[in-house]
J.: 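Dropping a structure here in structure tokens format, bear with me for questions.
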Number of protein chains: 2
Amino acid sequence: MTEALLAFFKALADESRLKIVGLLAQGERSVQELATLLDLKEPTVSHHLAILKAQGLVSARAEGTTRWHRLDVDVLEGLSRRVLESPETGSGAAEPETWDAKVLRGFVDAEGRLTTIPASRRKRGVVLRWLMTAFEPGRRYPESEVNVIIQSKHWDSATLRRELIGHRMLAREGGVYWRLPEAGWVEGGAATP
Amino acid sequence: MTEALLAFFKALADESRLKIVGLLAQGERSVQELATLLDLKEPTVSHHLAILKAQGLVSARAEGTTRWHRLDVDVLEGLSRRVLESPETGSGAAEPETWDAKVLRGFVDAEGRLTTIPASRRKRGVVLRWLMTAFEPGRRYPESEVNVIIQSKHWDSATLRRELIGHRMLAREGGVYWRLPEAGWVEGGAATP
DNA sequence: CTTCTAATTAGATGATTGTCGAATGACAAG
DNA sequence: CTTGTCATTCGACAATCATCTAATTAGAAG
């Protein structure tokens, strides 16, 4: 849907075409007249008219070899509405998902392994949340098992384990780890000094 | 007034910017998020946002180093109206004048002499009407005087004299010429074989 | 059929501008 | 003060597109 809008704005995003629309708003004009009034050559005007016609903004009427062009005003109605409605009508529950998906696609390869740990706070949060899906809620893990699980995604288990704890996703007590409820997961998390 | 409109359409006549508007229509976004969602680099997004801000379409709110951008919907209101109102509100009695002036500027030099006889029917009509201003209504001219008057504008008095008669601007009877009333001046006129 | 004019199509060129990498600025945290 | 992240600015490159000339199509009129 954004496709059609783009073409429409491109059609009007040119000085010559805007002037043509302005002139046609006053009445019919031939290619020749437009060319003279705009200080352009006929082929140029023809080109512009073709673009405006493609958007349904202009239509032509033949009279001998001359073609009289008129403005079709209807197409301009409800313009702002179309702009705001373009990216789906729903205000969207499927909205934050897209951002996460994009981030993961950038940092997780085809085999499901983490290629790089994101430097950006926000993106690191996304990756860590994704990492946590490997841990079951309620279950208790010895450190060795935590490392094995993390290493199945990325070699640097030490750093990632520290990050998970900093973000309040994982908790530790006496060498035993367990997954914390998502409600407590923190945005900023621990720094990486 | 067409200036501002042009900038406005140019701002929206880009795929990336249209997508940004679409995303911001759903809620606030940071530069980073937009860059990820659109598969663009941050500098590019910054550039686009600057353009949208210049048109009052987007405004920003700072939160730490992050800037949350929101869409300002008001600017989109009454868009089609602005397009049609751009080239003056008046539907214009000063309208055909402009076309004639442009044509004359193209065929009459600084000294007020006709450089070329227009090949185009319509333009030739304009030039001939202009030529007729050298003749007083009601007065009768011998052919020699007609030639002198025309030659003060262009060397080829024979052709022009024939054209003036063909267009029903000048009349002849028994070697005497006189100006006809403008009401009878014909559009197509005689061909030039 | 030939000539003339109005308009379009085709191809080439030049200006505009979207995009990126590198450098810089700004701000929070240790 | 130093470090790290989010953002902007700068300069350069590449793709898009408006414009032109030349050639072609389509009517109209001799």
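Letters go in sequence order (proteins before strands), and every chain restarts at 1.
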J.: What integer distance in Å separates A:Arg121:CZ from C:dC27:P?
T.: 16 Å
J.: Find every protein N or O atom lying less than 3.5 Å from an N or O atom of nucleotides 18-22 of chain D, and list the pairs.
T.:
unit_1 : atom_1 : unit_2  : atom_2 : d
D:dA18 : OP1    : A:Arg17 : NH1    : 3.4
D:dA18 : OP1    : A:Arg17 : NH2    : 2.7
D:dT19 : OP1    : A:Ser16 : OG     : 2.8
D:dT19 : OP2    : A:Ser16 : OG     : 3.4
D:dT19 : OP2    : A:His48 : NE2    : 2.1
D:dC20 : OP2    : A:Lys41 : N      : 3.1
D:dC20 : OP2    : A:Thr44 : OG1    : 2.9

J.: Between B:Gly64 and B:Ser120, name the one whose nearest nucleotide on DNA chain C is closer to the 5' end.
T.: B:Ser120
J.: Side chain of B:Arg124 only, please: which of C:dT8, D:dC6, C:dT5 is the nearest?
T.: C:dT5
J.: Can you check the A:Leu34 CG to C:dA7 C1' distance for me, whole Å?
T.: 12 Å
J.: May I have the distance from A:His69 (atom NE2) to C:dA7 (atom C1'), rounded to whole angstrom?
T.: 8 Å
J.: Using whole Å, report how far CG of B:Leu49 lies from P of C:dG18.
T.: 13 Å
J.: Taking NZ, NE, NH1 and NH2 as the nitrogens, is one of them in B:Glu63 or B:Arg61 under 4.0 Å from a carboxylate oxygen of the other?
T.: yes
J.: When the distance from CG of B:Leu18 to P of C:dG18 is rounded to whole Å, what number comes out?
T.: 12 Å
J.: Can you list the steps and then say if B:Glu28 with B:Arg67 is a salt bridge (charged side-chain N to carboxylate O under 4.0 Å, His left out)?
T.: CA-CA 9 Å; B:Glu28 293 183 334; B:Arg67 302 203 180 184; over 6 Å; no
J.: Would A:Arg179 count as a cation-pi partner of A:Tyr141, with NZ or CZ less than 6.0 Å from the six-membered ring centre and within 45° of the ring normal?
T.: no
J.: Counting the atoms with a prime plus P, OP1 and OP2 as sugar-phosphate, which does A:Lys53 contact under 4.0 Å by heavy atoms, base, sugar-phosphate, or nothing?
T.: sugar-phosphate
J.: Is it true that the NZ or CZ of B:Arg168 lies under 6.0 Å from the centre of B:Trp185's six-membered ring and within 45 degrees of the ring axis?
T.: no
J.: Please identify each residue that fulfils salt bridge (charged side-chain N to carboxylate O under 4.0 Å, His left out) with B:Asp39, with sequence neighbours left out.
T.: A:Lys102
J.: Between C1' on D:dT5 and CD on B:Glu33, what's the gap in Å once rounded to a whole number?
T.: 15 Å
J.: Classify A:Ala119 by what it touches in the nucleic acid, base, sugar-phosphate, or nothing, heavy-atom distance under 4.0 Å.
T.: sugar-phosphate
J.: With nearest nucleotides of DNA chain D determined for B:Trp68 and A:Thr65 from heavy-atom distances, which residue corresponds to the more 5′ nucleotide?
T.: B:Trp68
J.: Tell me: CZ of B:Arg67 to C1' of C:dG25, nearest whole Å?
T.: 10 Å
J.: B:Lys123 and A:Glu33: salt bridge (charged side-chain N to carboxylate O under 4.0 Å, His left out), yes or no, with the steps?
T.: CA-CA 9 Å; B:Lys123 292 181 182 176; A:Glu33 287 178 330; over 6 Å; no
J.: Would you mind reading off the bend of the helix from C:dC1-D:dG30 to C:dG30-D:dC1 from its two end axes, five pairs each, to 10 degrees?
T.: 20°
J.: If you compare all heavy atoms of A:Ser30 against all heavy atoms of A:Thr66, which two are closest, and at what distance to 0.1 Å?
T.: CB-CG2, 3.8 Å
J.: Using a distance-only test with no angle check, is there a side-chain donor-acceptor pair under 3.5 angstrom linking A:Thr115 and A:Asp109?
T.: no
J.: Taking the side chain of B:Ser46 as heavy atoms from C-beta outward, which of C:dT8, D:dT8, D:dA28 is closest to it?
T.: D:dT8
J.: Assess B:Arg113 against B:Phe107: is NZ or CZ under 6.0 Å from the centre of the six-membered ring, and within 45 degrees of the ring's axis?
T.: no
J.: Roughly how many Å is it from CZ in A:Phe9 to P in C:dG18, rounded to a whole number?
T.: 15 Å
